[in-house]
Amino acid sequence: MAEYSVFSLLRNAFSASPDWKPAWRKPDPKPEYDVVIVGGGGHGLSTAYYLAKEHGITNVAVVERGWLGQGNIGRNTTMIRSNYLLPKNQHFYEHSMKLWENLSHELNYNVMFSQRGCLNLANSPGQLDDFARRGNAMRHVGIDAELMTPLEIKSLVPALDLNFGGRFPVYGGLMQRRAGTARHDAVAWGYARGADRRGVDMLENCEVTGFLRDGDRIIGVQTTRGEIRAKKVAVAVAGHTGQLMKMAGVDRLPIESHVLQAFVSEGLKPFMDTVVTFGAGHLYVTQSDKGGMVFGGDIDGYNTYAQRGNLPIVEDVMSELAAMFPGLSRVRLLRSWGGIMDMSMDGSPIITAGPLPGMYLNTGWCYGGFKATPASGWCFAWTIARDEPHPYNAAYTLDRFHRGLVIDEKGQGSTPRLH
Ligand SMILES: Cc1cc2nc3c(=O)[nH]c(=O)nc-3n(C[C@H](O)[C@H](O)[C@H](O)COP(=O)(O)OP(=O)(O)OC[C@H]3O[C@@H](n4cnc5c(N)ncnc54)[C@H](O)[C@@H]3O)c2cc1C
């Protein structure tokens with residue numbers, strides 16, 4: 001497949017019969033693969049790519065019930081950061097950040113990774129103390145972090161009302177300058193193309209409806225395009241993990257499915273070149289390259305598989321945005337949508353072998369799986385290829401909830417509603 005470059009762009013632009021090839025093939029399923037990955041979202045696709053690239057395992061199929069990237073990978077607000085407190089999360093997310101920094105080059109696909117920074121606002125003295133602790137913990141392991149004063153914040157984001165209408169004054173903030181955003185669809189397409197180039201089959205419109213078993217062992221999948229056998233079956237279906245695991249006879253998981261909404265406004269002139277978050281109320285906002293304000297808040301708070309939410313959260317999120325940026329209160333909302341989140345009980349993910357022999361599980365991403373896409377696939381591929389976790393994902397086990405080894409980044413206790 002052709003390399004993308006300025007020269008190929010020019011050649012095709014001026015050619016009478018341009019030579020644009022599809023970015024990936026549309027093969028028919030083979031009867032058997034070494035690895036079948038269920039779920040053509042960001043994590044399934046990056047897993048396929050790293051299996052082929054890092055481990056030379058290319059007899060792989062990604063099985064997706066719709067089209068590649070139809071799920072959360074194409075629905076998120078695209079924020080990327082590695083500003084974590086707990087060492088078990090720090091190393092994993094910083095590994096992801098380093099993969100992001102070279103991703104466009106590595107994939108030969110522009111994922112538009114923009115390190116515009118992520119500023120977490122502190123709206124109480126206690127929250128500022130907490131951010132100072134987190135920033136110190138980050139710097140201690142070599143991750144960039146900067147504590148900002150209200151004056152510095154005002155000069156960075158002049159449109160922000162530092163008083164939040166008098167109710168939530170800003171006491172300072174924690175900035176990670178290497179954080180930012182990326183073009184989410186391009187991430188899915190870039191990984192798909194990269195995996196396809198190495199021989200991985202992308203099987204779209206191919207829904208998994210059951211698992212093939214030999215006793216306890218999983219030996220393949222039943223799909224709407226026939227049975228496919230596999231030496232290893234890896235599941236990366238985000239909010240649909242419960243449904244898939246039920247098909248395999250695993251009834252209880254530390255995961256709940258919730259809808260998370262996101263919003264984009266009409267386009268505005270550029271006025272904010274960083275990501276800003278208001279943790280005390282829960283709102284995160286950035287301005288897209290097209291000028292629209294892209295933002296979101298809390299999950300709707302009830303279990304569902306519907307990819308749209310309800311009005312109370314819309315009202316909640318809009319009022320928070322208007323409190324932060326009063327100048328935006330009359331801006332029109334262009335679109336809103338939802339995605340099904342795989343909320344874990346401690347807010348941290350699961351990347352592990354099991355829960356049945358021959359099966360591997362990747363889930364529990366809560367609000368933060370987009371930024372994890374490179375490291376998630378990298379670690380999951382390692383786990384599948386070597387049948388043992390990499391140190392970066394060694395703590396992301398399924399049985400940590402039985403053993404009391406939860407990774408509770410926010411210190412909020414075991415409930416999906418809070419993460
Ligand atoms: C509104 C919203 C905003 C978000 N904002 C951010 C953010 O700013 N930063 C961040 O880091 N994260 C964010 N996230 C979270 C992030 O998008 C997800 O955690 C991450 O994308 C999940 O992994 P994935 O990409 O593999 O999931 P998905 O893209 O959902 O992939 C799962 C795939 O599995 C497929 N599937 C399901 N069932 C079957 C089946 N039976 N057979 C075959 N295929 C099946 C689905 O069709 C889907 O394509 C956000 C999520 C949402 C919804």
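Small disclaimer: the values here were computed from a predicted structure and weren't measured. Indexing begins at 1, ligand by ligand and atom by atom, following the structure's order.
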Is it the side chain, the backbone, both or neither of [X] that has a heavy atom closer than 4.0 Å to ligand 1?
{"X": "Val63", "result": "backbone"}
{"X": "Thr78", "result": "backbone"}
{"X": "Ala236", "result": "backbone"}
{"X": "His184", "result": "neither"}
{"X": "Tyr284", "result": "neither"}

Pair Asp201, Tyr33: side-chain N/O donor-acceptor within cut-off below 3.5 Å: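 Yes.
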Distance-only polar pair, side chains of Thr383 and Glu388, donor-acceptor under 3.5 Å: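 No pair is found: no donor N or O on one side chain lies under 3.5 Å from an acceptor on the other.
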Distance under 6.0 Å and angle within 45° of ring axis: Lys371 vs Tyr93: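 Yes, Lys371 and Tyr93 form such a contact.
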Residue, atom name and distance, where the atom is the protein heavy atom closest to atom 26 (O) of ligand 1: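 The closest heavy atom on the protein side is His43 N, 3.1 Å.
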Protein contact to atom 33 (C) of ligand 1 [nearest heavy atom, distance to 0.1 Å]: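 Scanning the protein heavy atoms, the shortest distance from atom 33 (C) of ligand 1 goes to Glu64 OE1, 3.6 Å.
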If the cut-off is 4.0 Å to any non-hydrogen atom of [X], which atoms of ligand 1 fall inside it?
{"X": "Met341", "answer": "51 (C), 52 (C), 53 (C)"}
{"X": "Gly339", "answer": "53 (C)"}
{"X": "Ala238", "answer": "22 (C), 27 (O), 30 (O)"}
{"X": "Gln70", "answer": "47 (O), 49 (O)"}

Gly368 to ligand 1, any heavy atom closer than 4.0 Å: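 For ligand 1, residue contact (heavy atoms, under 4.0 Å) with Gly368 is present.
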List, one per line, each side-chain donor-acceptor pair under 3.5 Å for residues 127-138, sequence neighbours excluded.
residue, atom, partner, partner atom, Å
Gln127, OE1, Asn123, N, 2.7
Arg134, NH1, Asn83, O, 2.7
Asn136, ND2, Ala132, O, 3.2

Sequence neighbours excluded, every pair satisfying side-chain hydrogen bond (donor to acceptor under 3.5 Å, both in side chains) that has a member inside residues 178-188: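 The answer is Glu94-Arg178, Glu101-Arg178, Arg116-Thr181, Asp144-Arg178, Arg183-Asp185.
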Carboxylate-amine/guanidinium contact Arg386 Glu54, below 4.0 Å: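 No salt bridge links Arg386 with Glu54.
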